[in-house]
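Quick note on labels: first sequence line is chain A, next is B, and so on, each numbered from 1.
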Amino acid sequence: MSGLVTVFGLAVTVGSYALSRAVARRYPSPLTTPVFFSTALILLVLVSSGVHVADYEPAKRILVFLLGPATVSLAVPLYKNRQTLLRHALPALLGLGVGSLVTLGAAVVLARVLGLPEVIRVSISIKSVTAPIAVELAPILQGNPSLTAAFVIATGMIGTMLGPWLMTVMGIHDPLSRGLALGTISHGQGTAQAVTEGELQGAAAGIAMSLAAVFTSCVAPFVVPILK
Amino acid sequence: MLIDVAVKTACALLAQLVGLLVLNHAGYAVASALHLPLPGNLVGMLLLLALLVTGALPLRWIEGSAALLTRHLAFFFIPITVGLIGFADLFLETGPAILMTLVLSAAAGICVVGLSAQMLGGRRRRRSP
């Protein structure tokens, strides 16, 4: 019986994801991004079929198991874009390092000023780290992985929607800098957006996404406990 | 003939996936052995990068599986966001404050990265002939 529910959970997840990709291709919008759309669809199916969210746990474990090798794969785009990184090492490293610290600090301080509880303040601090790494980093900082995943995905959407316009208003026209900013703040979703602006933007965003995750993972265990 | 190719491709992808799983586990082992406060999968990523850069592992040995996984990265954390349903009340209560925090911190970060990289890049370009 429980095996059947697991198969059902997996099938619903795969089906929702496939459907969401098809929908996103036809109607591209922040509301049809695969993660948002699939999550809503899965919850709808689980609730309407009477399967308790707790019974979805085994299916979840199987998929989260594959998140590890998926994260390891992120080394490949970094390796492929190493020439771009070496050519622009100083602006790239300094830009993404300072920017990662600013966005982390701003998030924790704002959350505090707005009176949000500690579990949110910690979970929101790493919202610019790419999701597969952020959900692993969250427990290290005593945050909640599900909350962090939501903040990460929301940040991906916010940066993709707001970023290109904001940078144009601020006079940031240099393609490398635009790519770096999108990748540092909005990780995978920002990188996908940067690719549409051009090849250099895409490469810079890919580098920024991976390196900002490394950088934030290294500094967050020291900075977040002080700020929270 | 066609099935032959499909089976071969599937086997290659599976072997590559096992390789990536081994690297992932090695990452967790290294992180705990050295007491690094880093996610093991991130250490695994750095291990793979080191293997590629040193040429110990040719890119084509893992490229197929790696491309497939990174293309569908979003799929693997959908189950985690499903877990959000447990926080529905919290979101209803604190939604506007959370949204404000996310928007302002993202905007600050984007401006700082963009402006600092553009300034540093510009200076560098002026110096070089």
Aromatic ring pairing His72(B)/Tyr17(A), orientation class (parallel under 30°, perpendicular over 60°, tilted between): perpendicular

Scanning both residues in full, the closest heavy-atom pair of Ile158(A) with Ala106(B) reads CG2-CB, 4.2 Å

Ranked by heavy-atom pairs below 4.5 Å to chain B, first place among Val214(A), Val109(A), Leu147(A) goes to Leu147(A)

Closest non-hydrogen contact found for Met45(B) with Ala75(A) is O-CB, 3.3 Å

Minimal heavy-atom distance between Leu20(B) and Pro69(A), with the atoms involved, is CB-CB, 3.7 Å

Scored by heavy-atom pairs under 4.5 Å with chain B, the best of Arg82(A), Met170(A), Arg61(A) is Met170(A)

Applying a strict 4.5 Å limit to non-hydrogen atoms, the region of Val108(A) in contact with chain B is neither

One option among Ser186(A), Gly163(A), Ala111(A) has the most heavy-atom pairs under 4.5 Å with chain B, and it is Ala111(A)

If one checks every heavy atom of Met167(A) against chain B at 4.5 Å, the contacting part turns out to be side chain

So, the part of Ile124(A) with a heavy atom under 4.5 Å from chain B: the answer is side chain

Turns out that what part of Ser210(A) lies under 4.5 Å from chain B's heavy atoms comes down to both

**OP:** Show the numbers, then the answer: is there a side-chain contact (heavy atoms from CB on, under 4.5 Å) between Phe75(B) and Thr13(A)?
**Re:** CA-CA 8 Å; Phe75(B) 173 70; Thr13(A) 313; 3.9 Å; yes

Could you walk me through whether Leu42(B) and Glu136(A) pass the side-chain contact (heavy atoms from CB on, under 4.5 Å) test, one step at a time? CA-CA 9 Å; Leu42(B) 181 84; Glu136(A) 288 285 295; over 6 Å; no

Of Leu68(B), Leu51(B), Leu46(B), Leu21(B), the largest count of non-hydrogen pairs under 4.5 angstrom with chain A goes to Leu21(B)

When the 4.5 angstrom heavy-atom criterion is applied to Leu116(A) and chain B, the contacting part is side chain

Self-check item: Side-chain touch Glu63(B)/Lys80(A), heavy atoms, less than 4.5 angstrom
Solution: yes

Passes side-chain contact (heavy atoms from CB on, under 4.5 Å), Phe151(A) versus Thr101(B)? Steps please. CA-CA 10 Å; Phe151(A) 298 148; Thr101(B) 303; over 6 Å; no

Under 4.5 Å to a heavy atom of chain B? For Ile153(A) that would be side chain

Closest heavy-atom pair, Val113(B) versus Leu180(A), reported as atoms and distance to 0.1 Å, is CG1-C, 3.7 Å

* Asked: Has the side chain of Gln118(B) got a donor or acceptor atom that lies under 3.5 Å from a matching backbone atom of Asp174(A)?
  -> yes

Exactly one of Val72(A), Leu66(A), Thr71(A) clears side chain to side chain contact (heavy atoms under 4.5 Å, CB included) with Asn24(B), and that residue is Val72(A)

Closest heavy-atom pair, Ser105(B) versus Ala107(A), reported as atoms and distance to 0.1 Å, is CB-N, 3.6 Å

Of the listed Ala97(B), Ser116(B), Ala108(B), Ala67(B), the one with the largest count of heavy-atom pairs under 4.5 Å with chain A is Ala97(B)

Counting heavy-atom pairs under 4.5 angstrom with chain A, the leader among Leu99(B), Val53(B), Ile98(B) is Ile98(B)

Okay, side chain of Ser73(A), backbone of Leu69(B): is any donor-acceptor separation there less than 3.5 Å?
no

Checked Leu115(B), Leu23(B), Leu47(B) vs chain A; the most non-hydrogen pairs under 4.5 Å come from Leu115(B)

Cut-off 4.5 Å, heavy atoms of chain B, and the answer for Leu166(A) is side chain

Looking only at Ile110(B), Leu49(B), Val22(B), Leu104(B), the option with the highest number of non-hydrogen pairs under 4.5 Å against chain A is Ile110(B)

So Leu114(A) and Met100(B), do their side chains get closer than 4.5 Å, heavy atoms only? yes

Under 4.5 Å to a heavy atom of chain B? For Ile172(A) that would be both

Side-chain donor or acceptor of Asn41(B) paired with backbone N/O of Pro132(A) under 3.5 Å = yes

Nearest heavy-atom approach of Ala117(B) to Ser177(A) is C-OG, 3.4 Å

